[in-house]
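Report on one structure; see the data block that follows.
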Amino acid sequence: MTANATRVLVLNSGSSSVKYQLLDMADGSRLAVGLVERIGEATSRLAHTPLATGGAKREREEPFADHAAALNAVAAELAADGLGLDSPELAAIGHRVVHGGKQFTEPTVITDEVLAEIERLIPVAPLHNPANVTGIRTAQALRPDLPQVAVFDTAFHTTMPEAAARYAIDVETADAHRIRRYGFHGTSHAYVSRETAKLLGKDPSEVNVIVLHLGNGASASAVRGGKCVDTSMGLTPLEGLVMGTRSGDTDPAVIFHLARTAGMSVDEIDSLLNKKSGLIGLCGDNDMREIRRRIDEGDEQAALAFDIYVHRLKKYIGAYYAVLGKVDAVAFTAGVGENAAPVREAAVAGLEELGLAVDADLNGIRSDAARLISPESARVAVAVVPTDEELEIATQTYALVSS
């Protein structure tokens with residue numbers, strides 16, 4: 001790697017989409033951002049914004065048959081801005097990989113063996129890992145000489161003790177089928193816990209944080225001294241908090257009951273719990289802004305959905321308080337966590353005896369900056385910390401290849 005190679009391209013490949021950002025790690029600046037969606041459909045869409053040149057967003061619609069076609073189009077857009085993939089300033093490509101199992105505990109340079117292991121994990125991440133693999137193979141074809149790095153959603157959670165990671169089922173069966181708590185949103189939890197410590201003026205090793213990543217997918221984590229000791233998502237992203245379309249914690253016997261009494265197939269139940277449950281199942285909306293609007297208009301169904309959402313959230317705050325023993329901060333992040341003041345207020349309401357409270361005026365301020373929303377006298381800080389998963393992936397990627 002040459003001395004002036006400070007750029008990292010971050011790729012997040014979904015089943016029918018590719019999100020990307022090009023960052024310069026010399027100063028952490030973003031040079032370009034974009035999204036290709038509806039890959040494989042009759043009409044795909046590419047939206048590209050060249051931040052380095054201050055240019056306007058460019059959008060075009062045309063069919064991209066597969067990820068290879070989509071990434072070639074991305075490469076062409078970057079090249080048009082003088083940011084091509086053939087630039088000697090490009091140090092590496094960092095890939096978000098959702099599931100790294102138990103073995104991938106840190107960012108990893110992708111080799112044939114690493115890629116084969118990611119493929120072997122497809123049964124526990126059937127919606128995500130196949131797309132991640134496709135993105136990696138396509139990027140390798142575009143720049144076979146360039147380091148490609150996998151940054152795993154699960155890696156941050158591999159520090160959990162066995163008491164937190166193990167499910168209470170037969171050990172041989174669990175081990176044979178890789179059944180354990182893996183956790184997800186790890187890059188976000190890592191970034192936010194570290195930024196929260198910075199907000200408090202302390203080193204991450206000195207701080208215990210409960211991180212609440214609340215988007216359409218939602219997860220909580222207990223972070224002691226910079227290391228995750230528990231998290232709400234499990235074998236898959238279905239477990240834990242109430243989410244936009246996912247049920248979160250549910251009695252496993254619900255599955256057997258629906259199979260026996262409703263005649264539902266495994267795939268139908270899977271779809272129900274992952275796509276037709278959570279907020280959308282409770283009230284027909286998974287947008288918190290719309291739910292709050294309906295509540296303001298007196299909609300009882302929306303109010304109940306909100307109450308169920310907050311009740312589960314509050315249970316996890318209390319549980320992770322118990323796990324950590326001492327809590328320095330509770331940090332809200334992601335779309336709902338960063339923008340929905342009523343959620344933040346309701347989540348800590350009644351927890352004053354635990355040292356938790358929000359200042360109504362501070363909580364009501366909208367800002368893109370990390371900030372405290374708790375009163376100065378609060379024993380436990382409550383923070384809003386915008387997440388930056390792309391920057392975290394780029395940072396981990398660059399640190400690995402430059403070392």
Side-chain angles (χ1 to χ4, degrees), residues 1-13 18-36 46-55 57-58 67-98 100 104-115 117-118 132-153 155-156 186-188 190-191 194-195 198 387-403:
M1 191 174 81
T2 60
N4 65 338
T6 58
R7 295 176 182 174
V8 174
L9 176 64
V10 175
L11 295 179
N12 181 353
S13 300
V18 175
K19 296 178 185 177
Y20 63 94
Q21 291 195 13
L22 180 66
L23 299 95
D24 190 335
M25 301 314 296
D27 56 8
S29 62
R30 283 170 174 76
L31 305 178
V33 301
L35 168 68
V36 187
L46 189 157
H48 174 86
T49 305
L51 301 175
T53 61
K57 179 191 288 187
R58 303 194 294 267
H67 284 70
L71 282 177
N72 274 290
V74 169
E77 292 290 341
L78 291 169
D81 302 314
L83 304 169
L85 298 191
D86 58 350
S87 168
E89 295 178 72
L90 187 61
I93 299 177
H95 297 266
R96 179 200 179 207
V97 178
V98 168
F104 292 116
T105 62
E106 56 191 16
T108 305
V109 173
I110 299 169
T111 63
D112 290 344
E113 292 75 19
V114 169
L115 194 54
E117 186 58 33
I118 294 172
N132 300 156
V133 168
T134 299
I136 291 168
R137 290 195 186 282
T138 303
Q140 286 177 326
L142 285 170
R143 280 298 305 268
D145 59 312
L146 199 68
Q148 311 263 341
V149 175
V151 178
F152 300 92
D153 268 15
F156 183 64
T187 51
S188 177
Y191 178 83
R194 193 170 61 248
E195 290 298 304
K198 187 184 299 183
T387 192
D388 197 332
E389 294 175 270
E390 288 77 16
L391 177 59
E392 181 69 15
I393 291 169
T395 300
Q396 292 189 27
T397 297
Y398 188 68
L400 179 60
V401 299
S402 61
S403 64

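The analysis underlying the following values was restricted to heavy atoms, covering all of them including side chains, and did not include hydrogens, waters or symmetry mates. Start at 1 with the first residue, then count along the sequence.
The side chain to side chain contact (heavy atoms under 4.5 Å, CB included) test applied to Ser87 returns Arg7, Glu89, not counting sequence neighbours. Under the side chain to side chain contact (heavy atoms under 4.5 Å, CB included) criterion, Thr138 pairs with His67, Ala68, Leu71, Thr134, not counting sequence neighbours. For Phe156, there are no ring pair (Phe, Tyr, Trp, His ring centres under 6.0 Å) partners two or more places apart in sequence or in a different chain. Ser29 pairs by the side chain to side chain contact (heavy atoms under 4.5 Å, CB included) definition with Asp24, Asp27, Leu31, not counting sequence neighbours. With sequence neighbours excluded, the residues that form a side chain to side chain donor-acceptor pair (under 3.5 Å) with Thr187 are Glu389. Shown here are the side chain to side chain contact (heavy atoms under 4.5 Å, CB included) partners of Glu195, two or more places apart in sequence or in another chain: Tyr191, Lys198, Val385.
Tyr20 approaches Leu11 most closely through the heavy-atom pair CB-CD2, 3.7 Å. Looking at every heavy atom in both residues, Ala150 comes nearest to Ile118 through CB-CD1, 4.4 Å. The shortest non-hydrogen separation linking Ala91 to Thr6 is CB-N, 4.5 Å. Residues Val8 and Gly94 approach most closely at CG1-N, 4.1 Å, considering heavy atoms. Contact detail for Val97 and Asn132: the closest heavy-atom pair is CA-OD1, 3.4 Å. Taking every heavy atom of both residues into account, Gly28 and Leu23 meet most closely at O-CD2, 4.2 Å.
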- prompt: Stepwise, does the side-chain contact (heavy atoms from CB on, under 4.5 Å) test hold for Glu77 with Thr49?
  reply: CA-CA 9 Å; Glu77 292 290 341; Thr49 305; over 6 Å; no
message: Could you go through Asp153 and Arg96, starting from their C-alpha distance and side-chain angles, then the distance that decides it, and tell me whether this counts as side-chain contact (heavy atoms from CB on, under 4.5 Å)?
response: CA-CA 7 Å; Asp153 268 15; Arg96 179 200 179 207; 2.6 Å; yes
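You'll find the side chain of Glu392 stays beyond 4.5 Å of the side chain of Val151, heavy atoms only. The shortest side-chain heavy-atom distance between Asn72 and Leu142 falls under the 4.5 Å cut-off. Residues Thr397 and His95 are not in side-chain contact: their nearest non-hydrogen atoms beyond the backbone lie 4.5 Å or more apart.
Here the side chain of Thr53 pairs no donor or acceptor atom with the backbone of Leu51 at under 3.5 angstrom.
From Ile93, atom CD1 reaches atom CD1 of Ile136 across 10.5 Å, with rounding to the nearest 0.5 Å. The CZ atom of Arg30 sits 4.5 Å away from the CD atom of Gln21 when rounded to the nearest 0.5 Å.
Exactly one residue among Val401, Leu9, Leu90 makes a side chain to side chain contact (heavy atoms under 4.5 Å, CB included) with Leu146. That residue is Leu90.
Using a 4.0 Å cut-off between charged side-chain N and carboxylate O, Glu390 and Lys19 make no salt bridge.
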